[in-house]
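Written below as structure tokens is the structure these notes are about.
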Amino acid sequence: MRRGAMLGYSGVGTQIALPASVKTMEMSNPYACTATIFLLTTLYTLLIATIMMVFNLRKNRFGGVLSVFIISLYGLLLNPEFIGKVLKIPETLQYKSNVISGWISPLNHATYYMHNFGYDFLPRLWHSYLIFIVLIFINIMIIKKLAKKYQFNFL
């Protein structure tokens with residue numbers, strides 16, 4: 001872990017585009033970090049899959065693909081730099097755009113280093129787990145309701 005911190009603080013860390021969350025690297029156990037990242041990406045993937053299924057049942061296959069594309073684009077555009085430019089947040093208050101993007105972007109909820117580890121106002125890991133699970137559950141209920149009305153054609 002110390003090597004990760006040394007790499008993060010060094011100039012080499014910025015050259016290979018390491019996230020600026022050196023404290024996270026210092027505090028993390030590699031196995032717990034791996035399990036957490038796996039869980040976050042699995043929940044994000046399940047959310048995207050259930051959203052796609054909802055729109056497939058409501059509209060058509062193209063609607064499902066388009067909905068997932070729009071949500072992914074929404075997540076990509078809501079990075080701290082973009083929010084800072086749109087809201088005209090000065091560089092000295094850049095942490096505010098980090099906090100805003102950490103809460104409103106589903107992609108940032110699936111990113112390990114965009115969470116609160118005791119030193120900022122980002123969402124905690126359990127917040128992201130809860131948000132993902134609630135949204136997935138809502139989508140499953142919608143899918144269950146829409147599947148009853150769906151006309152299946154087997155050719």
Side-chain angles (χ1 to χ4, degrees), residues 8 13-14 16-25 27-28 30-91 93-155:
T14 57
I16 59 174
L18 279 179
S21 56
V22 176
K23 284 198 180 236
T24 304
M25 287 188 282
M27 296 169 45
S28 298
Y31 298 113
C33 179
T34 302
T36 302
I37 291 169
F38 178 76
L39 183 59
L40 287 170
T41 53
T42 301
L43 289 172
Y44 180 75
T45 304
L46 282 172
L47 177 65
I48 292 296
T50 57
I51 288 172
M52 180 183 266
M53 185 67 175
V54 166
F55 280 90
N56 279 346
L57 291 173
R58 281 198 107 172
K59 301 290 181 190
N60 54 23
R61 205 176 288 166
F62 180 73
V65 172
L66 185 64
S67 68
V68 170
F69 177 76
I70 290 171
I71 289 172
S72 297
L73 186 64
Y74 169 77
L76 285 173
L77 288 178
L78 287 179
N79 60 28
E81 294 83 23
F82 182 75
I83 289 176
K85 287 179 185 174
V86 169
L87 297 178
K88 297 177 182 160
I89 298 174
E91 284 293 320
L93 300 175
Q94 186 64 29
Y95 73 93
K96 287 186 178 186
S97 62
N98 284 344
V99 171
I100 292 169
S101 69
W103 277 100
I104 64 174
S105 172
L107 193 57
N108 284 335
H109 278 284
T111 307
Y112 182 72
Y113 70 90
M114 287 299 288
H115 286 89
N116 182 349
F117 294 98
Y119 57 91
D120 54 16
F121 298 111
L122 290 168
R124 294 197 176 269
L125 288 170
W126 70 269
H127 291 140
S128 292
Y129 297 151
L130 184 65
I131 289 169
F132 281 136
I133 290 170
V134 166
L135 290 175
I136 290 167
F137 181 74
I138 290 169
N139 284 336
I140 289 173
M141 292 295 110
I142 294 170
I143 289 168
K144 187 177 178 183
K145 184 179 176 183
L146 291 173
K148 289 180 182 178
K149 299 176 186 177
Y150 189 76
Q151 296 292 326
F152 291 96
N153 293 325
F154 300 103
L155 297 176

Please check if the number of heavy atoms outside F55 that lie under 6.0 Å from its CZ is greater than 12.
no
Is the side chain of S67 donor-acceptor paired with the backbone N or O of G64 at a distance under 3.5 Å, no angle test?
yes
On a heavy-atom basis, the closest approach of P106 and F132 is O-CZ, 3.7 Å
Return the minimal non-hydrogen interatomic distance between T50 and I143, and the atom names on each side.
O-CD1, 3.6 Å
dist L66:CG -> M52:CE (nearest 0.5 Å) comes out at 10.0 Å
Can you check whether L125 reaches L40 side chain to side chain, under 4.5 Å on heavy atoms?
yes
Any side-chain heavy atom of M53 within less than 4.5 Å of one from N139?
no
Could you grab the distance from atom CD1 of I37 to atom OG1 of T34, nearest 0.5 Å is fine?
6.0 Å
How long is the straight-line distance from CG of L47 back to OG1 of T42, given to the nearest 0.5 Å?
12.5 Å
From T41 atom OG1 to L43 atom CG, the distance as rounded to the nearest 0.5 Å
8.5 Å
Side chains of Y129 and T36 in contact at under 4.5 Å (non-hydrogen atoms):
yes
